[in-house]
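This report concerns only the one structure given below.
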Amino acid sequence: MVKRYIFHIDANSAFLSWEAVHRLQHNDPLDLRTVPAVVGGDPTRRHGIVLAKSIPAKEFKIITGETLYAARQKCPELLIVPPNYSLYRQCSDAMVEIFKEFSPLVQRFSVDECFLDFSGMESVANDPVKIAHELKNRVRNELGFTVNVGISTNKLLAKMAGELKKPDMVHTLFPEEIPTKMWPLPIGELFMVGRATSQKLLSRGIRTIGELANYDLGLIKQFLKSQGVLIWNYANGIDYSPVRPGGDFAVKGMGNSTTIPFDVEDRYNAHLVLLSLSESVSARLRQAKVLAGLIAVSFRTTEFYNFSHQRKLYNPTDCTDEIWKITCQLFDEIWNKQPLRHMGLRVSELCQNDFQQVALFTRDYNKQRQADRAVDLIRSKYGPSAICRSSFLYSGLRSISGGVIENEEFPLMTSLL
DNA sequence: TCTGGGGTCCTAGGACCC
DNA sequence: TCTGGGGTCCTAGGACCC
């Protein structure tokens with residue numbers, strides 16, 4: 001019987017490496033990867049966190065997610081470059097094209113990670129490590145950045161293998177290697193064990209993946225419920241999830257959120273931010289040809305308290321004005337005049353828009369739909385800023401908020417394997 | 001903490017129904 | 001109602017991922 005081999009591949013320090021390669025290609029003599037550098041947002045717009053770091057930056061103990069201020073404290077000469085999401089998308093696509101030459105079964109797990117399934121492929125069965133090196137070297141030689149390849153018999157173990165040592169490495173983590181390679185690792189290194197779960201496990205004296213693996217499953221289940229069963233299985237290398245080629249499963253919802261450069265303290269500006277979010281979310285709905293059946297609004301106060309409020313719709317919609325109106329209602333129902341730093345809009349319970357029900361008892365949105373289509377067309381032709389509502393002029397706000405992803409045929413992230 | 005933005009899934013509690 | 005239990009739906013919040 002031919003063994004089932006799964007590869008997990010992820011780009012090392014993806015955003016930073018891609019930026020570095022891009023600069024080299026444009027005749028910048030400096031390779032960002034060789035100096036302490038990070039990709040990060042603009043602190044004056046309150047977007048100041050580390051999104052990716054170089055290896056020299058890592059040596060200053062700079063971690064992803066911390067503030068640029070804290071990072072600069074650790075390393076005053078730190079180089080900070082802004083993110084460039086359309087570049088990341090291009091690099092990701094180029095990487096996937098190479099993977100597809102190795103296996104038809106490629107699952108995009110995120111912008112910088114893929115799973116490849118080599119089930120029953122003789123060429124790989126004989127020497128998967130050799131194939132992995134070929135793959136890794138092709139990316140490095142043709143695209144200029146390095147990847148890690150993890151090899152095993154399921155996705156969880158392949159992913160854990162890829163994390164072992166970076167960069168530019170190939171690792172195996174077969175079931176028989178679990179006790180030596182995976183069990184000694186700290187519990188927080190296990191996929192799906194984050195900060196909160198780590199703390200709970202530590203309070204029970206579970207410090208390593210091996211200690212979790214050998215803990216009584218019944219007890220774990222008692223205090224961590226289904227999440228406990230999941231991570232106990234992971235700790236024992238158990239995972240039966242299939243490699244799903246990108247695009248064959250539907251997106252469940254979509255949303256945009258934004259940290260506003262200034263505190264929002266009045267209803268008018270709050271509604272304006274919600275309008276900019278409604279513009280982007282509803283345009284994405286129309287592009288995906290789906291209607292939203294549920295609308296949720298959320299916000300974060302300057303004190304960092306989070307609130308959310310949602311409502312199911314009797315008549316699913318993709319109409320900008322209708323979504324904006326409902327979003328504002330939801331917002332008004334829970335907002336207590338706290339100053340806000342962050343606002344979000346998310347829609348879910350999506351359904352196909354090909355037989356949209358005529359809303360008999362609500363106002364007719366046909367004119368709005370036609371206007372939405374016209375605006376979409378203008379923006380697709382002349383760019384997102386070609387047309388905007390006059391209320392945004394001089395407001396200090398963007399007329400469309402949220403990452404505009406041109407071509408969403410794969411979900412950026414699925415938290416479960 | 002001078003703390004981003006895009007997702008998914010799970011859980012607890014309340015409403016409602018039989 | 002001085003009320004039982006179970007099922008389902010809805011909502012808010014929290015956990016995790018990159």
Side-chain angles (χ1 to χ4, degrees), chain A residues 8 10-11 13-15 38-52 63-73 82-83 85 88-89 92 108-114 155-156 159 162-163 188-201 223-231 234 241 249-261 277 280-281 284 293-313 330 333-334 341-350 401-405 408 410-417:
Chain A
H8 172 265
D10 81 307
S13 318
F15 290 2
V38 297
V39 175
D42 178 358
T44 67
R45 300 189 66 244
R46 309 204 285 195
H47 285 62
I49 67 161
V50 174
L51 297 165
I63 54 174
T64 302
E66 79 179 328
T67 59
L68 294 177
Y69 177 84
R72 262 214 200 86
Q73 298 284 96
Y85 294 100
Y88 307 155
R89 174 66 196 218
S92 178
R108 262 178 128 136
F109 190 60
S110 73
V111 72
D112 68 337
E113 280 181 59
C114 286
K155 287 161 73 177
L156 181 274
K159 182 161 169 60
E163 306 286 326
E189 305 270 305
L190 184 62
F191 181 66
M192 290 303 286
V193 176
R195 214 180 52 191
T197 311
S198 279
Q199 283 307 312
K200 289 183 197 167
L201 292 169
F223 82 103
L224 291 178
K225 309 285 185 312
S226 64
Q227 167 87 355
V229 179
L230 181 80
I231 60 173
Y234 284 176
S241 63
F249 52 106
V251 189
K252 303 275 169 57
M254 45 181 79
N256 285 119
S257 64
T258 185
T259 295
I260 309 132
L277 294 166
S280 54
V281 170
R284 290 170 66 192
L294 183 113
I295 296 182
V297 67
S298 63
F299 57 76
R300 175 177 298 152
T301 67
T302 51
E303 319 252 68
F304 270 81
Y305 290 109
N306 298 315
F307 296 86
S308 70
H309 194 38
Q310 66 184 54
R311 181 165 301 146
K312 268 196 83 146
L313 308 183
L330 287 165
E333 283 167 17
I334 54 163
R341 69 138 40 214
H342 179 101
M343 301 181 78
L345 166 60
R346 157 154 283 277
V347 296
S348 53
E349 305 206 357
L350 307 180
S401 297
V404 180
I405 300 164
E408 302 186 54
F410 75 97
L412 271 184
M413 178 59 206
T414 47
S415 71
L416 288 179
L417 295 178

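Since we're looking at a predicted model, the values are computed, not measured. Chain letters run A, B, ... following the sequence lines, proteins first and then strands; every chain starts at 1.
- Taking a cutoff of 4.0 Å between a charged side-chain nitrogen and a carboxylate oxygen, A:Glu66 and A:Arg72 do not qualify as a salt bridge.
- The interatomic distance linking A:Ile260 (CD1) with B:dT3 (C1') rounds to 15 Å, in whole Å.
- Comment: A:Lys159 engages A:Glu113 in a salt bridge, judged by a side-chain N to carboxylate O separation of less than 4.0 angstrom.
- B:dG4 atom C1' lies 15 Å from atom CD1 of A:Ile63, rounded to whole Å.
- Put simply, CG on A:Leu68 is 11 Å from C1' on B:dT3, counting in whole angstrom units.
- Set against C:dC17, B:dC2, B:dG4, the side chain of A:Tyr69 has B:dC2 as its closest nucleotide.
- When the nucleotides C:dC16, B:dA12, B:dG4 are ranked by their closest atom to the side chain of A:Thr259, B:dG4 comes out on top.
- At the heavy-atom level, A:Gly253 lies under 4.0 Å from the strands shown only through sugar-phosphate atoms.
- For the residue pair A:Asn256 and A:Ser280, a side-chain donor N or O sits within less than 3.5 Å of a side-chain acceptor on the partner.
- For B:dT11, the OP1/OP2 oxygens have a side-chain nitrogen or oxygen of A:Ser226 closer than 4.0 Å.
- When the P atom of C:dC16 is taken as reference, atom OH of A:Tyr234 falls 14 Å away, rounded to whole Å.
- An OP1 or OP2 oxygen of C:dC17 is reached within less than 4.0 angstrom by no side-chain nitrogen or oxygen of A:Lys155.
- Distance, A:Arg46 CZ to B:dT3 P: 7 Å, rounded to whole Å.
- Nucleotides C:dT3 and B:dC16, compared at atom C1', are 16 Å apart to the nearest Å.
- In this structure, CZ on A:Arg341 lies 5.5 Å from OG1 on A:Thr259, to the nearest 0.5 angstrom.
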Filtered N/O pairs between nucleotides 13-15 of chain C and protein, under 3.5 Å:
| from | atom 1 | to | atom 2 | distance (Å) |
| --- | --- | --- | --- | --- |
| C:dG13 | OP2 | A:Ser308 | N | 3.2 |
| C:dA15 | O3' | A:Thr197 | OG1 | 3.4 |

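- In DNA chain C, the stems built from three or more successive Watson-Crick or G-U pairs (distances below 3.5 Å) are B:5-18 with C:5-18.
- Close to B:dG6, at under 4.0 Å from its OP1 or OP2, lies a side-chain N or O of A:Asn256.
- For the pair A:Thr64 and A:Leu51, the minimum side-chain heavy-atom distance is 4.5 Å or more.
- Out of B:dG4, C:dC18, B:dA12, the shortest distance to the side chain of A:Ile49 is found at B:dG4.
- Considering only heavy atoms from C-beta on, A:Glu349 stays 4.5 Å or farther from A:Lys252 through its side chain.
- Rounded to an integer number of Å, the gap from CZ of A:Arg45 to C1' of B:dT3 is 16 Å.
- Contacts of A:Asp10 with the nucleic acid, taken as non-hydrogen atoms under 4.0 Å apart, are absent.
- Remark: side-chain polar atoms of A:Thr301 are paired, donor with acceptor, to backbone N or O of A:Glu303 under 3.5 angstrom.
- Among the protein residues, A:Arg341 comes within range of the sugar-phosphate backbone only, with heavy atoms under 4.0 Å from sugar or phosphate atoms but none that close to a base.
- Within 4.0 Å of A:Arg300, counting heavy atoms only, lie sugar-phosphate atoms of the nucleic acid but no base atom.
- For A:Ser257 and A:Arg346, the side-chain atoms include no donor-acceptor pair closer than 3.5 Å.
- Using a 4.5 Å heavy-atom threshold, the side chains of A:Ile49 and A:Tyr69 count as separate.
- Note: CD (A:Glu189) to C1' (C:dC18) measures 16 Å, nearest angstrom.
- At the phosphate of B:dG4, neither OP1 nor OP2 sits under 4.0 Å from any side-chain N or O atom of A:Thr258.
- In this structure, CD of A:Glu303 is placed 14 Å from C1' of B:dT3, rounded to the nearest angstrom.
- Close to B:dG4, at under 4.0 Å from its OP1 or OP2, lies no side-chain N or O of A:His342.
- Taking 4.5 Å as the limit, some side-chain heavy atom of A:Thr197 sits within range of a side-chain heavy atom of A:Ile231.
- Using a 4.0 Å heavy-atom cutoff across all strands shown, A:Glu113 reaches sugar-phosphate atoms only and no base atom.
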If you restrict it to nitrogen or oxygen atoms, what contacts under 3.5 Å exist between nucleotides 8-10 of chain C and the protein, and what is each distance?
| from | atom 1 | to | atom 2 | distance (Å) |
| --- | --- | --- | --- | --- |
| C:dC10 | OP1 | A:Lys312 | NZ | 3.2 |

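- Among the heavy atoms of the strands lying under 4.0 Å from A:Leu51 is at least one base atom, whether or not backbone atoms are also near.
- Backbone-only contact: A:Gly255 has heavy atoms under 4.0 Å from sugar-phosphate atoms and none from a base.
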